[in-house]
Amino acid sequence: MTDAVEAEPPQASDTPTEEISESARLLARREAERQRTPSVFSLPLASLSFADPFKWLRLGWADFKRCPRIGLFYGLCFFVMGHALLAVFQNAPAYVLALSAGFLLMGPFLCLGLYDASKAMQTASHRPSLKASLLAWRPTQGTMGIFAGVLLILELLWGRASLVVFAVTFNTMPSTEKLLPQLINPDNLGFLITYTLVGGLFAGLIFVTSVISIPMIMDRRVDAISAGLTSIRACLQNPGVMLLWGALITALVVLAMLPLFLGLFVIGPVIGHATWHAYRHIVPPAAAAS
C-alpha cells in the first residue's frame, strides 16, 4: 500500500506585510514633510515698524545702482505704460482710473525680472542679467497665470464699476476738454467722492492681495491661493505699516509721472527692487524663521 504523502501547508506570503510596511513608511514620510512645511496660516511673518518701508526703498535704490541696465530696461517699460495711460485719458477718460489699476496689475508681473535680479544679488543664486530676468516667469508660469487671472477679474470689475459711476452721474460721457471743469464743479462733488471710494476699494483689494504674492510665488514656488492669503495676512498683521507702504508707492509713482513720465525710468525699478526686499523681510527665509 502506497504511503499517503502528507501535504505540506502552504507558506504564507510576505507580500501583503511588505506592502503594508511600505504604505506605512510612505504615509510617515508624507506626514513628516507636512509637518516640516508650515501651512499658509502657520507661516511666521515679521512684525514691522514704520521705518521699514523707507529701509526697503533704500535697499531698492542700492540694487538699482548695482544693476542699472536691467533697471533702466524695465523703467522704459513703465515709461511706455505711462504714455499708454495718457493716451487713454485723451480718448476715453472714463477708463482712466480703472486702467490705472494696470500699474497695480501689470506692475508686479513686470517687476518679476527685478525680483529675480535682487534675489540673485542677495542670495548669490545666479548672476543677475537681463536674459535671466526676462525668463524669471517660466518656472512658475502656471501659478502666475492663475494669479494674473484673479487680478484681471478685479481689474474688469473696477472698469465696469467706473463706467456705472459715470453713467449715473452724467447723461453723456464728457469730452476730454470739458472733463476737468465738470469734475471740479461743486455740483459733482458726490461723483468725485463715489468715484474715489470705488477706485480706492478695488485698488486696496489688488494691493492687499498682491503686495508680496508674486515675489513669494517666484521664490518659494507656492500656489496662488497660499501666496494671496499670505499677502492678506501680512497686511492684516501690520495694517499701519502696509498702508504707509502703499501710500509711498502711490506718491512716488504720481511724482514720477509729472515730468512726462520720465521719473518712471528710475522710480519704477527702485520700487520693484524694494518690493523684493519687503517680501524677504515680511516672510523670512526658512532657515532664519526656524
Residues two or more places apart in sequence or in another chain: which of them pass side-chain contact (heavy atoms from CB on, under 4.5 Å) with L262?
F79, L260, F265
Find out whether F73 and C67 are in side-chain contact, i.e. whether some heavy atom of one side chain is under 4.5 Å from a heavy atom of the other.
no
Are L244 and V211 connected into the same hydrophobic cluster when the rule is that any two of I, L, V, M, F, W, Y join if their side-chain heavy atoms are below 4.5 Å apart?
yes
Taking the side chain from R233 and the backbone from L43, do they hold a donor-acceptor pair closer than 3.5 Å?
yes
For the rings on W276 and W56, is their centre-to-centre separation under 6.0 Å?
no
Distance-minimising heavy-atom pair for S118 and H273:
OG-ND1, 2.6 Å
Ignoring hydrogens, what is the shortest heavy-atom contact between C235 and M242? Give both atom names and the distance.
CA-CG, 3.8 Å
All salt bridge (charged side-chain N to carboxylate O under 4.0 Å, His left out) counterparts of D219, not counting sequence neighbours
K119, R280
Test item: S231 and M216 side chains (from C-beta on) under 4.5 Å apart, heavy atoms:
no
Distance col, row M121:CE vs R127:CZ, nearest 0.5 angstrom, shows 12.5 Å
Do F261 and V80 come close enough that some side-chain heavy atom pair is under 4.5 Å?
no
Is there a continuous path of hydrophobic side-chain contacts, each under 4.5 Å between heavy atoms, that joins W245 to L255?
no
In terms of heavy-atom contacts, L252 and I271 come closest through CB-CD1, 4.2 Å
Is D52 reaching over with its side chain to a backbone N or O of S49, donor-acceptor style, under 3.5 angstrom?
yes
Supply the atom-to-atom distance M144 CE to R138 CZ, rounded to the nearest 0.5 angstrom.
14.0 Å
Heavy-atom closest contact (L114 atom, G71 atom, distance)
CD2-CA, 4.1 Å
Between L130 and F109, is there a shared hydrophobic cluster once you connect ILVMFWY residues whose side-chain heavy atoms come closer than 4.5 Å?
yes
Pairwise side-chain contact, T230 with V283, heavy-atom cut-off 4.5 Å (strictly under):
yes
With distance as the sole test, does S213 use its side chain to make a donor-acceptor pair with the main-chain N or O of T209 at under 3.5 Å?
yes
Tested for side-chain contact (heavy atoms from CB on, under 4.5 Å) against Y74, the lone hit among L264, L134, L112 is L134
Any idea which heavy atoms bring A136 and P139 closest together, and the distance?
O-CD, 3.4 Å
Would D116 and S133 count as a side-chain hydrogen bond (donor to acceptor under 3.5 Å, both in side chains) here? Give the steps.
CA-CA 6 Å; D116 179 81; S133 70; 5.7 Å; no
Cluster link F207 to I153, ILVMFWY, side chain under 4.5 Å:
yes
Nearest atoms (heavy-atom pairs only) where P239 meets L236:
CD-O, 3.4 Å
Do I217 and W137 have side chains that approach each other closer than 4.5 Å (heavy atoms only, starting at C-beta)?
no
Establish, from distance only, whether the side-chain atoms of D223 and T143 form a donor-acceptor pair under 3.5 Å.
no
For the side chain of S129 and the backbone of A132, is there at least one donor-acceptor N/O pair under 3.5 Å apart?
yes
Quick one, F64 and L72 - any side-chain contact, counting heavy atoms below 4.5 Å?
yes
Quick one: do V254 and L243 end up in the same hydrophobic cluster if we chain Ile, Leu, Val, Met, Phe, Trp and Tyr together by side-chain heavy atoms under 4.5 Å apart?
no
Report yes or no: does S210 contribute a side-chain atom to a donor-acceptor pair with the main-chain N or O of I206 at less than 3.5 Å?
yes
Mind checking the CZ-CD1 spacing from F147 to I214? Nearest 0.5 Å is all I need.
5.5 Å
With L59, which residues qualify under side-chain contact (heavy atoms from CB on, under 4.5 Å), at least two apart?
K55, H277
